[in-house]
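Notes follow once the structure below has been shown.
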Amino acid sequence: MNHHLFRDRSDAGRQLAQKLGYLEHAQPLVLALPRGGVPVGIEVAHALHAPLDLLLVRKIGVPWHPELAAGAVIDGARPRTVINEDVVRTAGVSKSELARIVEAELAKIERRRRLWLSDRPHISVAGHSAIVVDDGIATGASARVALQAVRAEGAARLVLATPVAPAETVEMLRAECDDMVCLATPEDFTAVGIYYEDFHQVDDKEVQELLQRAPI
């Protein structure tokens with residue numbers, strides 16, 4: 001049985017752009033979640049004549065239990081940290097330990113931003129319709145944090161756009177944004193990649209090349 005809904009990320013981006021056309025006159029700003037969201041987001045940005053920026057989110061893992069998220073760091077005009085107080089308490093992470101991890105993750109974000117965007121300026125989302133784009137969402141944990149951060153930056157309207165996600169993730173994320181556009185919510189969702197014919201690993205070079213052609 002052929003699960004493929006999209007040829008590749010560009011195809012998914014073009015299909016997504018058709019559903020987002022209503023935002024063209026709302027001064028939209030496209031925020032792509034790297035790396036996979038960049039080829040999708042660039043198609044949306046071109047179609048809507050909107051600037052494209054990256055939304056960099058790093059999970060703050062508990063040191064001795066890295067897959068447990070104590071929070072996340074989001075890069076923006078003012079980087080912000082979202083802390084999951086329950087996890088911090090339960091795991092017994094000290095304030096200084098937490099500060100150290102946050103600092104390390106922020107440094108990684110900075111390196112990546114420089115690597116991918118060189119010196120392109122941050123675009124402020126304040127007052128804009130922000131469209132957060134990814135190539136697919138599984139659990140929605142990082143998308144949720146990303147949306148909270150963009151909301152806190154003062155976006156006038158917050159839209160999450162993704163080609164594919166499980167129905168329960170879509171439901172959970174709907175509460176975090178003003179509008180959610182998801183092209184497909186397949187039953188028995190296993191992994192984002194199976195819905196793409198070509199789901200190659202997007203590398204740094206591809207991100208750089210795409211961003212050089214992206215609208216500012």
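On a predicted model such as this, the values are computed, not experimentally measured, just so you know.
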Distance under 6.0 Å and angle within 45° of ring axis: Arg9 vs Phe199: yes

Verdict with reasoning, Tyr22 to Asp179, per side-chain hydrogen bond (donor to acceptor under 3.5 Å, both in side chains): CA-CA 12 Å; Tyr22 70 97; Asp179 209 350; 2.4 Å; yes

Look only at the side chain of Thr185 and the backbone of Ala165, and say whether a donor-acceptor pair between them is shorter than 3.5 Å. no

Could you tell me if the side chain of Val62 sits less than 4.5 Å from the side chain of Val87, heavy atoms only? yes

What closest approach, in Å, do Ala12 and Leu183 show between heavy atoms, and which atom pair accounts for it? O-CD1, 4.1 Å

Quick one: does Ile74's side chain get under 4.5 Å of Gln148's, heavy atoms only? no

For the residue pair Leu5 and Pro163, establish whether any side-chain heavy-atom pair is separated by less than 4.5 Å. no

Give the C-alpha distance, both sets of side-chain angles, the deciding distance and a yes or no for side chain to side chain contact (heavy atoms under 4.5 Å, CB included) between Leu31 and Leu54. CA-CA 5 Å; Leu31 296 168; Leu54 296 182; over 6 Å; no

Over all atoms of both residues, closest heavy-atom pair of Ala143 and Leu173: CB-CD1, 4.1 Å

Is there a side chain to side chain contact (heavy atoms under 4.5 Å, CB included) between Arg14 and Arg7 once you walk through the steps? CA-CA 11 Å; Arg14 285 191 290 273; Arg7 227 180 16 258; 3.5 Å; yes

Does this structure show an ion pair linking Arg100 with Glu103, if we count only N-O contacts that are shorter than 4.0 Å? no

From Ile42 CD1 over to Glu209 CD, what is the distance, rounded to the nearest 0.5 angstrom? 11.0 Å

Between atom CD of Glu176 and atom CG of Leu160, what is the distance when rounded to the nearest 0.5 Å? 10.0 Å

Side chains of Leu48 and His25 in contact at under 4.5 Å (non-hydrogen atoms): no

With a cut-off of 6.0 Å (strictly less than), are more than 12 heavy atoms of other residues, nucleotides or ligands near CD of Glu24? yes

Does Thr162 reach the main-chain N or O of Cys182 with its side chain, forming a donor-acceptor pair under 3.5 Å? no

Nearest-0.5 Å distance, CD of residue Glu197 to CG of residue Asp8: 8.5 Å

Side chains of Trp116 and Val38: does their closest heavy-atom pair fall under 4.5 Å? no

So does Glu85 pair up with Arg89, basic N to acidic O under 4.0 Å? no

Okay, side chain of Asp188, backbone of Thr190: is any donor-acceptor separation there less than 3.5 Å? no

For residues Tyr195 and Phe189, report the shortest heavy-atom separation together with the two atoms involved. OH-CA, 3.5 Å

Taken to the nearest 0.5 Å, the spacing of Phe6 CZ from Gln15 CD works out to 5.5 Å

Within a strict 4.5 Å, meaning less than it, do heavy atoms of the Arg112 and Arg58 side chains meet? yes

Where the side chain of Thr90 meets the backbone of Asp86, is there a donor-acceptor pair that is under 3.5 Å apart? yes

Validation row: Val159, Ser129 side chains within 4.5 angstrom (heavy atoms): no

Test side chain to side chain contact (heavy atoms under 4.5 Å, CB included) on Asp203 and Arg35; report intermediate values, then the result. CA-CA 7 Å; Asp203 61 18; Arg35 301 185 175 93; 5.6 Å; no

How long is the straight-line distance from OG1 of Thr139 back to CZ of Arg144, given to the nearest 0.5 Å? 10.0 Å

So, Tyr196 side chain and Asp135 main chain: donor-acceptor pair closer than 3.5 Å or not? yes

Write down the atom of Leu56, the atom of Pro34, and the distance for their closest heavy-atom approach. CD2-CG, 3.5 Å

Is Glu43 reaching over with its side chain to a backbone N or O of Ala17, donor-acceptor style, under 3.5 angstrom? no

Residues Asp178 and Arg151 bridged, charged N to O under 4.0 Å: yes

Side chains of Val40 and Asp134: does their closest heavy-atom pair fall under 4.5 Å? no

Could you give the distance from CG (Leu29) to CD1 (Ile131), rounded to the nearest 0.5 Å? 8.0 Å

Please lay out, stage by stage, how Leu52 and Arg213 fare under the test side chain to side chain contact (heavy atoms under 4.5 Å, CB included). CA-CA 10 Å; Leu52 176 79; Arg213 301 203 307 270; over 6 Å; no

Only one of Val133, Val30, Leu147, Leu33 passes side chain to side chain contact (heavy atoms under 4.5 Å, CB included) with Leu55; say which it is. Leu33

Shortest non-hydrogen contact from Ala72 toward Val145: CB-CG1, 3.3 Å

Within 6.0 angstrom of Gln27 CD, more than 12 heavy atoms from elsewhere: no

Looking only at heavy atoms, what is the nearest atom pair of Pro166 and Ile137, with distance? CD-O, 3.1 Å

Under a 4.0 Å N-O cut-off, is there an ion pair linking Lys59 with Glu105? no

